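Computed from a predicted model, the values in this text were never measured in an experiment. Whatever order the structure lists ligands and atoms in, that order sets their numbers, starting from 1. What you see below is based on every heavy atom in this structure, not just the backbone, and it leaves out hydrogens, waters and symmetry mates.
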Amino acid sequence: MLNDTSIEKFRASLRGELVQPNDERYDEARKLWNGMFDRRPTLIARCAGTADVVSAVNFGRDESLQVAVRGGGHNYAGLSVCDGGLVIDLSPMKGIRVDPAARTARAQAGVKWIEFDHETQAFGLATTGGTVSDTGIAGLTLGGGLGWLSSKYGLTVDNLISAEVVTADGRILEASATENEDLFWGLRGGSGNFGVVTSFEYQLHAVGPTILGGMVAYPLASAKEVLRFYREFNNAAPDELTIYAAVLDPPGGDTVVALFCCYCGPLDKGDAVTRPMKSLGQPVLDMLGPLPYVAQQRIFDAGFPVGSYYYAKGGFFADLTDEAIEIFAEYAASKPSALSGILFQTVRGAASRVASDAMAFAHRSFPYAPLIVSQWVDAAGSEKNVAWVRDLWRALHAYAGGGVYVNDLDHDDADRVRIAYGANYQRLAALKKKYDPNNFFRLNPNIKPTV
Ligand SMILES: Cc1cc2nc3c(=O)[nH]c(=O)nc-3n(C[C@H](O)[C@H](O)[C@H](O)COP(=O)(O)OP(=O)(O)OC[C@H]3O[C@@H](n4cnc5c(N)ncnc54)[C@H](O)[C@@H]3O)c2cc1C
């Protein structure tokens, strides 16, 4: 049992705040992006730096507390806050240092993509990051990182140079290609299983400030035709072009099927490259053209507000067969909420040319990663919105490739955790045994420390 003396001693060891249930800031500090989860931790350590993280890890371990680790708080499954126990909250850790000569950036674990892009774009640089700017760099990077630059520059993990990690025994380790190489291998796709990452160092690339991006949307009636086009066009696209398809309702409009893209090559070539996306009949919306890279990075923001209820299912597909497209089109027409949709992400180009055992992220040969996301605004809507996602996912099961993006797992996906790590699971389990033998970090898509 925690006693007041040990809590006060812990508080005194922190440079940041220790938040408890009777504090004014408690409700704000425990709130997640996904309104589905209303959890009440006993303690929230709002860490100011690495030393606070070491204190929090040591305290949580010595007091045998359940521990959740929070970066941007955007996890679908709500794993970054616990009931009872301790939240190690990294969100106050906002340091970002860009080295324009080396084209690298070191960012602390509380940084969100909107903040990261703001700093790196000041130098005309960027790395592959999330497509909703409120998402944290930490959870996204540790799972893999799909984004608008991934076909050209690889996944976020392909651009990770090093990381500083606090392990379960309270040590501070640097992980890179030359230091603690096994840990570095595991961090790049192994989620939060091996410790608390306090900062990340990324490779940057010259991007923008203007790219060719945005979207073109067609009526839902043409969903099958547009998705078939997406299948072929995505396969043949140059690396500079990353394309997602989506089923969504624009504000005040009917459901559409849209093609979103980011072309990060020379602007004068982009028009010809993207023109076929506008050739599928009369678009309902044509918002494809030059725009600032930072605007592209916020293109989905309005569709994913903080505090709505969300439920998601996704998986990797080797192909989008006509049969699977039929099913997507059928369910797109029966969405129970205008806020819900389907997003077709992709792993191709540079992201697909990395060996599947080069690092923990294993799924390199699946050019389609559809994600079904339902969103609604009050608890009364939960049953039908969750059912829509589950029913569609069940109907698609025969066409899925078997793998799933670890960052797309939801709270009821425990039976899919192994397939999220694919053929790398055994090696990850051995690594877990080395770095976290007692499974102290277990509120995550958990790798058991047994081989
Ligand atoms: C609206 C939305 C859009 C998204 N878009 C994309 C996208 O474009 N591309 C993509 O790849 N993914 C995307 N995702 C998935 C996203 O990568 C995951 O939700 C990710 O977990 C979010 O990271 P976070 O730091 O915000 O989350 P948090 O909820 O804070 O953390 C998630 C988990 O990561 C672990 N973790 C977090 N920080 C640390 C740390 N510093 N050290 C160790 N473990 C840690 C913990 O286990 C924690 O439970 C999106 C998710 C949402 C909800």
Judging by distance only, is a nitrogen or oxygen of [X] under 3.5 angstrom from one on ligand 1?
X: Gly72; result: yes
X: Leu142; result: no
X: His74; result: yes

Next item on the list: Verify, without hydrogens or angle tests, whether Arg15 (side chain) and Ala48 (backbone) share a donor-acceptor contact under 3.5 angstrom.
Entry: yes
Checklist line | N/O donor-acceptor pair under 3.5 Å between Asp301 side chain and Ser133 backbone | finding: yes
Next item on the list: For the residue pair Tyr435 and Asp182, confirm or rule out a side-chain donor-acceptor distance under 3.5 Å.
Entry: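 Indeed, the side chains of Tyr435 and Asp182 share at least one donor-acceptor pair under 3.5 Å.
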Considering heavy atoms of the protein only, find what lies nearest to [atom] and give residue, atom and distance to 0.1 Å.
atom: atom 11 (O) of ligand 1; answer: Tyr405 OH, 2.6 Å
atom: atom 3 (C) of ligand 1; answer: Val132 CG2, 3.6 Å
atom: atom 48 (C) of ligand 1; answer: Val69 O, 3.2 Å
atom: atom 7 (C) of ligand 1; answer: Leu146 O, 3.4 Å
atom: atom 13 (C) of ligand 1; answer: Leu140 CD1, 3.7 Å
atom: atom 50 (C) of ligand 1; answer: Tyr76 OH, 4.1 Å

From [atom], work out which of [options] has a heavy atom at the shortest distance.
atom: atom 42 (N) of ligand 1; options: Val197, Val53, Asn193, Val111; answer: Val197
atom: atom 29 (O) of ligand 1; options: Ala68, Ser80, Gly71; answer: Ser80
atom: atom 30 (O) of ligand 1; options: Gly130, Gly73, Gly195, Ala369; answer: Gly73
atom: atom 8 (O) of ligand 1; options: Asp301, Leu155, Thr131, Leu443; answer: Thr131

Next item on the list: Could you establish whether Phe194 and ligand 1 come within less than 4.0 Å of each other, counting only heavy atoms on the residue side?
Entry: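 No heavy atom of Phe194 comes that close to ligand 1.
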Next item on the list: Determine, using heavy atoms of Ser191 and all atoms of ligand 1, whether some pair is separated by less than 4.0 Å.
Entry: no
Notebook entry, point to check: Is it the side chain, the backbone, both or neither of Ala109 that has a heavy atom closer than 4.0 Å to ligand 1?
Noted result: side chain
Check: Less than 6.0 Å separating the ring centroids of Phe300 and Phe260?
Finding: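 Under 6.0 Å, so yes.
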Next item on the list: Answer with yes or no after comparing the ring centroid distance for Tyr293 and Trp148 against a 6.0 Å cut-off, counting only values under it.
Entry: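 No.
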